[in-house]
Structures are given as C-alpha cells and as structure tokens.
J.: 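Mind looking over this structure? Questions follow.
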Amino acid sequence: MTAPLLEVRGLAKRFGGFVALEGIDLDVTPGERLGLIGPNGSGKSTLVNCVCGTLHNETGTVRFAGEVLDGLPAHRRTHMGLARSFQLPRPFTSLTVADNLRVPLLYTVRRRSLLISSPAELDERCLDLLRQVGLDGKARRRPSDLTQVEMRKLELARAMAAEPKLLIADEAMAGLSHSEIEDIIALLMRLNAQGITIIMIEHIMRAVMRFSQRLAVLVSGRKVADGRPEDVVNNPDVVRAYLGQ
Ligand code: ADP
Ligand code: MG
C-alpha cells in the first residue's frame, strides 16, 4: 500500500459550544481524486480550514507527506505543498490578473531558492499558468473585469502557483453553467494527470461523479460514508441525509 499523502485522524473542531467536526478520519492517496460532499453546514469547509491551517483543530492530527502539521501556520503548510481555492474567490482586487499570480509565484520561487530569478522567467511561469486556465488573454485586466467562471479559474491558478502536491477545490463550480462546469472539470483532470492529488468539494453531483475516484460524505460534522462513488451514492444513510433532499 502506498503511504497516504494526507492523513487525518480523530479530528474535532468546535466553535464555542458548537461541535462543527467530530472524530474525522480521512486518508488521501498520492495522485487520487477524492470528492467530498455533504449538506450545507456539514463541516466541509471547516475540515479544509483545519487541514490547511486557516483554523486549528482542538483534537486529532493532520499528517501531510508523512509530517505532522498540527500547530503549523497556513503559510508553512502551503510551503509543504498544500493549496486550496476558497469557496468565495479572494483575489487581490487592486492588482492585474497576471500580478495576482506573480505574487504567489514569487513567494514559491523564493522559498524553494529556485534559479528562476530573472523577471523574464517569472513572466514565462506566469503566462504558462494563465494559459493552463485559459486566462492568457486577460493578463492585464483586473479581477473585477472577469466573469464568474474566469474568477474561479483565477482562484484555481492562484492555488496552482504554489506548485502544490495536494489541491483542495472548495466549491469551485457553484453558480456556473453546464459548459463552464465542464471547463473546470477538464482543468482539474489535467492538473491531476500532471500528478496533483485533488480533493473536490462540490454539490453538483454530475460533476462529482465524473471527477471522483472515491467519495467521502460529511453530515453534521461526522463522516458517514467513504468509498467507491457508486456505492456511496446508493448508501441509504447518504440518500436520507443528503441526496434525497
Ligand atoms: P460546509 O462547508 O459543509 O457548508 P462549514 O464548514 O462552512 O460547512 O460550516 C460548518 C458549521 O460550522 C456551520 O454550522 C457553520 O455555521 C459553522 N461555522 C463555520 N465556520 C465558523 C466560524 N468561524 N465560527 C462559528 N461557526 C462556524
Ligand atoms: Mg463550505
């Protein structure tokens, strides 16, 4: 068996007296495409926040690439190869689309002491990322000029700039049209084919089923199912708590 890239054990998170997550165990294998589903408020984003260090879990352990992450700040986790896109895109509104990628690129490059120090090489990396997400024509625009799907692509490209091993896409398709959803699936599939492990959090079941090799389901802060997508969507608990709504 391959060692998991991400290993969550017994994770719990409370907000005051409210238990948002309890007893969460989750493994993600290198190269895997995992779908994470569940009703609104079931704790999906909170789990991502605990894994990525935006929030700190009181109980349990998160390991990434064999290292214990507990207590590490978010930027250290990004350094280690963990990246996420936010459910609500958070671009730097005063910067151009290209500069929104240059900032995380410079950060990544500097950290790894890579030899890409010339502005020309940075531009090339930036253009390459823009091309990957189909935003090369919008490099000089501001995020406010982008359509909703372009904004989502920029959000994913910003996460990609950190050259992650694991990318967590938190509802990257909400509000998009059928063809725009296909676009994002194709983009995530390409990234996965390049070796990036991906967790997709999504309500659009057609997209989740197309994308996922495995599905995990959260309901009220607990994991109620984890397995082959076709088994999970036929699991009576999952149907009752989520799909049957
Ligand atoms: P999901 O992403 O599955 O829709 P969330 O993880 O965003 O769910 O939220 C899970 C629960 O935790 C919800 O009841 C939400 O209101 C609560 N919650 C999330 N973040 C906070 C916070 N920072 N403070 C207090 N409660 C929160
Ligand atoms: Mg959420």
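Whatever order the structure lists ligands and atoms in, that order sets their numbers, starting from 1.
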J.: Using heavy atoms and a cut-off under 4.0 Å, could you grab the residues that are in contact with ligand 1, chain by chain, numbers ascending?
T.: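 Only F15, F18, A20, P39, N40, G41, S42, G43, K44, S45, T46 have heavy atoms that fall under 4.0 Å of ligand 1, ordered by chain and number.
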
J.: For the residue pair L34 and L26, establish whether any side-chain heavy-atom pair is separated by less than 4.5 Å.
T.: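 Touching, per the 4.5 Å side-chain cut-off.
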
J.: Would N40 and H203 count as a side chain to side chain contact (heavy atoms under 4.5 Å, CB included) if you check the C-alpha gap in whole Å, the side-chain angles of each, and the deciding distance to 0.1 Å?
T.: CA-CA 9 Å; N40 279 326; H203 285 294; 3.1 Å; yes

J.: Can you measure from CG (N234) to CZ (R228) and round to the nearest 0.5 angstrom?
T.: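 Rounded to the nearest 0.5 Å, the CG-CZ separation comes to 10.0 Å.
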
J.: Output, by chain and residue number, all protein N/O/S atoms separated from the Mg ion (ligand 2) by less than 2.8 Å.
T.: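 Protein N, O or S atoms closer than 2.8 Å to the Mg ion (ligand 2): S45 OG, Q87 OE1.
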
J.: Tell me whether E150 is salt-bridged to K153, with the criterion being a basic N under 4.0 Å from an acidic carboxylate O.
T.: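 Salt bridge absent between E150 and K153.
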
J.: Under the salt bridge (Lys or Arg N to Asp or Glu O under 4.0 Å) definition, can you give me all pairs with a residue in residues 68-80, not counting sequence neighbours?
T.: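 Residue pairs passing salt bridge (Lys or Arg N to Asp or Glu O under 4.0 Å), neighbours aside: none found.
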
J.: For the pair D170 and K44, find out whether any cationic side-chain nitrogen is under 4.0 Å from an anionic carboxylate oxygen.
T.: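 K44 and D170: not salt-bridged.
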
J.: Grouping I, L, V, M, F, W and Y whenever their side-chain heavy atoms are under 4.5 Å apart, do V233 and V238 come out in a common cluster?
T.: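 The answer is yes; both residues are in one hydrophobic cluster.
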
J.: Tell me every residue that passes side-chain contact (heavy atoms from CB on, under 4.5 Å) with L95, counting only those two or more places apart in sequence or in another chain.
T.: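 side-chain contact (heavy atoms from CB on, under 4.5 Å) list for L95, sorted by chain: F92, D99, N100, V103.
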
J.: Does the side chain of L187 reach to within under 4.5 Å of the side chain of R190, using non-hydrogen atoms?
T.: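 Answer yes - side chains close enough.
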
